Amino acid sequence: QLKLVESGGGSVQAGGSLRLSCAASLNTARNRCMGWFRQAPVKQREGVAVLNTVLDPYGGNPYYADSVKGRFTVSQGNDKNTLYLQMDSLKPEDTAMYYCAARRDVSFCSAGTWAQIDTYYYWGQGTQVTVSS
């Protein structure tokens with residue numbers, strides 16, 4: 001069982017920055033596809049950014065939604081057990097509950113499927129990000 005715990009959400013004005021963290025207990029020798037999703041009120045949950053934790057067999061690591069490219073950066077801590085989402089140039093439309101998610105052990109992200117919600121088995125409890133104009 002993999003437990004994911006997010007932190008770092010909060011309120012910020014448009015143009016500001018936040019960094020989200022996701023603490024996990026991973027087998028750091030085995031690749032897993034994991035990353036960040038978000039859900040705004042009355043909207044469907046959507047993929048934000050994911051990465052392969054060890055290997056990059058398809059050469060596309062990491063993967064980003066078009067709406068956040070150039071503004072958000074997903075990365076791992078040096079111990080490989082913490083996932084980060086650095087969010088810069090935040091916009092009001094980034095307001096949402098942000099979730100850390102991971103696929104089952106020994107899994108890979110790829111361009112065609114990385115944002116498919118139902119391929120992620122483990123989810124954190126979420127952390128709220130609110131961006132005011």
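Note that the structure is a prediction, hence the values are computed from the model and not measured.
- Between the side chain of Asp79 and the backbone N or O of Asn81, at least one donor-acceptor pair lies under 3.5 Å.
- Hydrophobic clustering (ILVMFWY, side-chain heavy atoms < 4.5 Å, transitive): Leu18 and Val5 are in distinct clusters.
- Side-chain contact check for Glu93 versus Thr95: every heavy-atom pair is 4.5 Å or farther apart.
- The CG atom of Leu51 lies 5.5 Å from the CG atom of Leu83; values are rounded to the nearest 0.5 Å.
- Atom NZ in Lys3 sits 8.5 Å away from atom CD in Gln125 (nearest 0.5 Å).
- In this structure a side-chain-to-backbone donor-acceptor pair under 3.5 Å is missing from Asn31 to Val106.
- Ring planes of Tyr99 and Trp123: perpendicular class, angle over 60° (limits at 30 and 60°).
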Between Thr119 and Arg103, does the side-chain hydrogen bond (donor to acceptor under 3.5 Å, both in side chains) criterion hold? Intermediate values first, please. CA-CA 6 Å; Thr119 63; Arg103 288 178 174 172; 3.0 Å; yes
Working for side chain to side chain contact (heavy atoms under 4.5 Å, CB included), residues Leu20 and Tyr84: CA-CA 6 Å; Leu20 306 183; Tyr84 299 104; over 6 Å; no
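- Taking CG of Leu2 as the reference point, atom SG of Cys100 lies at 8.0 Å (rounded to 0.5 Å).
- A donor-acceptor distance shorter than 3.5 angstrom exists from the side chain of Glu6 to the backbone of Gly126, with no hydrogens or angles considered.
- Atoms CZ and CG, on Arg32 and Leu55 in that order, are 13.5 Å from each other to the nearest 0.5 Å.
- Within 6.0 Å of CG on Asp118 lie more than 12 heavy atoms contributed by other residues, nucleotides or ligands.
- Scanning all heavy atoms of the two residues, the minimum distance from Gly9 to Val129 falls at CA-CG2, 4.2 Å.
- Closest heavy-atom contact between Met34 and Leu4: CE-CD2, 4.1 Å.
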Where do Arg71 and Lys91 land on the side chain to side chain contact (heavy atoms under 4.5 Å, CB included) test, with the steps shown first? CA-CA 10 Å; Arg71 301 188 298 121; Lys91 303 176 181 180; 3.8 Å; yes
The test is side chain to side chain contact (heavy atoms under 4.5 Å, CB included); show your working for Phe108 and Thr113 and say whether it passes. CA-CA 10 Å; Phe108 295 93; Thr113 64; over 6 Å; no
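- Residue Val50 comes nearest to Cys33 through the heavy atom pair CG2-SG, 4.3 Å, listed as atom of the first residue, atom of the second, then distance.
- The closest donor-acceptor contact from the side chain of Thr127 to the backbone of Tyr98 lies at 3.5 Å or more, if one exists at all.
- Heavy-atom neighbours of Gln44 CD from other residues, nucleotides or ligands within 6.0 Å: at or below the threshold of 12.
- Between atom CZ of residue Arg38 and atom CD of residue Gln128 there is a gap of 12.0 Å, rounded to the nearest 0.5 Å.
- A donor-acceptor pair is defined here as one N or O able to donate and one able to accept, closer than 3.5 Å; such a pair exists between the side chain of Tyr64 and the backbone of Val74.
- Here the shortest heavy-atom pairing between Ser132 and Pro92 reads C-CG, 4.5 Å.
- Proximity of a side-chain donor or acceptor of Ser89 to a complementary backbone N or O of Gly15 within less than 3.5 Å is not detected.
- Ring geometry for Tyr63 versus Trp114: interplanar angle under 30°, hence parallel rather than tilted (30 to 60°).
- We find the OH-CZ distance between Tyr120 and Phe37 to be 4.0 Å, quoted to the nearest 0.5 Å.
- Every pair passing side chain to side chain donor-acceptor pair (under 3.5 Å) that includes a residue from residues 7-25 is listed here, sequence neighbours excluded: Ser17-Asp88.
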